[in-house]
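As structure tokens, the structure follows; a few thoughts come after it.
Not measured: the values here are computed from a predicted model.
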Amino acid sequence: MKKPVRPPAILENVSIVDMAHEGRGLGKHEGLVVLVDHAVPGDVVDVQVFRKKKSMAEGRIARLVSPSSSRTEPRCNHFGVCGGCKWQNLAYDSQLAFKEKQVSDQLTRLGQVSWQEFRPIIGAGETYGYRNKMEYTFSNKKWLQQIDLELNDTDSIKQNMNALGFHIPQRFDKILHIDQCHLQAETGNAIRNWVYDRAQALGLSFFDPKAQTGWLRNLVIRSSNRGGWMVMWVVSEDDIMSLNELRTGFCERFPEVESGWWVVNGKRNDHLGDLQPRLLWGNPYLEESMEDLRFRVGPLAFFQTNAAQALRLYQETRALAGLTGNEVVYDLYTGTGTIAGFVAKHARKVVGIEYLEAAVEDARSNANLNGIHNAVFYAGDMKEVFSPELIAREGAPDVVITDPPRAGMHESVVQRLLELKPKRIVYVSCNAATQARDLQLLSSLYQVSVVQPVDMFPQTAHVENIVRLDLKTTD
């Protein structure tokens, strides 16, 4: 005999007082810390609990008892199901306040960091339509929402389970079909919907991640601030005839797409960095403009997805570096050399280091494009390339700019900085928690002079942060 299923626990009248770092509302109830999906500070809610530990519960809103004054109506029809844009229901000024607080809390709580100046967060001018790159997934396992089941009978729905959209959180095999995404300009939506309709009409197979079958895998759509667009189809097999059928009429419908690519991915993962895309038509790159600099962006190149805010980020980074024109600057984790380009004309020499050889090739190309002749770039593992031999060859750094991945800097890289003692370090991070850890390791020799958060991703909990560290004076 089966045990009766217990109804989920309901916590009543939970006051939401803060935002947790993953973007959920944080409340307290009879000694429990309660994390609530899509709740915002100031809400009073009844919470349906779906996970509970000794001192913490996780849940969703069962009833909104009293809405917060910071609550706003989400713009997107997919809000609450899609894994992105979790803060659409939080007014933008409140988003900025909580991001600023998040940076402050993580630096002090995790790194015991003190500073001389904490500057107000730099907000975005555009809070929607700001992304220049979107990646969508084809799947034959569409995520069915309650509205689907209410509007249609199950049998008719299952006749078409194809989707083109985003992964459901924590479900690699289920894709939410997207009708409209507000993160990219409207042309991006038109392209995605056209490709989906065309693939459906042709009867092309959508990918099944469990069975590893199906031809269409991903669609990547990029745009530039110069008005150009790029599209890349990712497919599982080399089938140029099907591809030509798929793109018939595409260029006539979207003349603004000046670069078309495809790449065959027969692997069990979606990583494209080790694959070779092939040009279908047009230019092999898009061009971005920032100040008087131009950057060529290829189909696999890394470029900040919010170009307008990236400009602010780079300008602030350059200003905090305090360059006079005489410094040797090391740009660690240089990527495609964007920060290096911004500081090169204000320094004697820039030395960029990046793990990916392809990114370094892009960095060299961008330097040549912009007439920058005082920058050199090296590819390889940072902890190995950033070595005494390199220092002896290129000279010791006066200023170091570092923009590591979310995991932060390897401890040996931090140790090298402590040995070299550059007079100034400008640390750019997309993860204030690992930044706090590294700042604590550097604190024996360095004082945090300035903290400058920058909002690169409105409607989400993510925030970039710039920290300027100055070498402590010794008696």
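- Using modelled atom types and a 3.5 Å distance limit, the side chains of Gln309 and Glu126 yield no donor-acceptor pair.
- Atom CD of residue Glu135 and atom CG of residue Asp270 lie 8.5 Å apart, to the nearest 0.5 angstrom.
- The salt bridge (charged side-chain N to carboxylate O under 4.0 Å, His left out) check on Arg294 picks up Glu287, with sequence neighbours excluded.
- How far CG of Leu293 is from OG1 of Thr338: 9.5 Å, rounded to the nearest 0.5 Å.
- Interatomic distance, CD of Glu354 versus CZ of Phe377, reported as 10.5 Å (0.5 Å rounding).
- In this view, Asp274 and Lys267 satisfy the side-chain hydrogen bond (donor to acceptor under 3.5 Å, both in side chains) rule, not counting sequence neighbours.
- Atom OG1 of Thr137 sits about 14.5 Å away from atom NZ of Lys174, to the nearest 0.5 Å.
- Between the CZ atom in Phe303 and the CG atom in Asn366 there is a gap of 8.0 Å [rounded to 0.5 Å].
- Partners of Glu258 according to the salt bridge (charged side-chain N to carboxylate O under 4.0 Å, His left out) rule, which considers only residues two or more places apart in sequence or in another chain, do not exist here.
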Return a table of donor-acceptor pairs under 3.5 angstrom between the side chains of residues 11-19 and protein atoms on other chains or two or more places apart.
residue : atom : partner : partner atom : Å
Asp18   : OD2  : Lys101  : NZ           : 2.9

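- Relative to the ring axis of Tyr136, Arg192 places its NZ or CZ within 45° and under 6.0 Å from the centre.
- Geometrically, Arg198 does not engage Phe250 in a cation-pi contact defined by less than 6.0 Å to the ring centre and at most 45° from the axis.
- For the pair Asp438 (side chain) and Met409 (backbone), a donor-acceptor distance under 3.5 Å is present.
- At least one side-chain heavy atom of Ser104 sits under 4.5 Å from a side-chain heavy atom of Phe118.
- The side-chain hydrogen bond (donor to acceptor under 3.5 Å, both in side chains) test applied to Arg71 returns Asp43, not counting sequence neighbours.
- By the 6.0 Å and 45° rule, Arg217 stacks over the aromatic ring of Phe207.
- Ion pair Arg318/Glu291 flagged as a salt bridge, since at least one NZ, NE, NH1 or NH2 atom sits closer than 4.0 Å to an Asp/Glu carboxylate oxygen.
- Residues that satisfy the side-chain hydrogen bond (donor to acceptor under 3.5 Å, both in side chains) test with Tyr196, not counting sequence neighbours, are Gln200.
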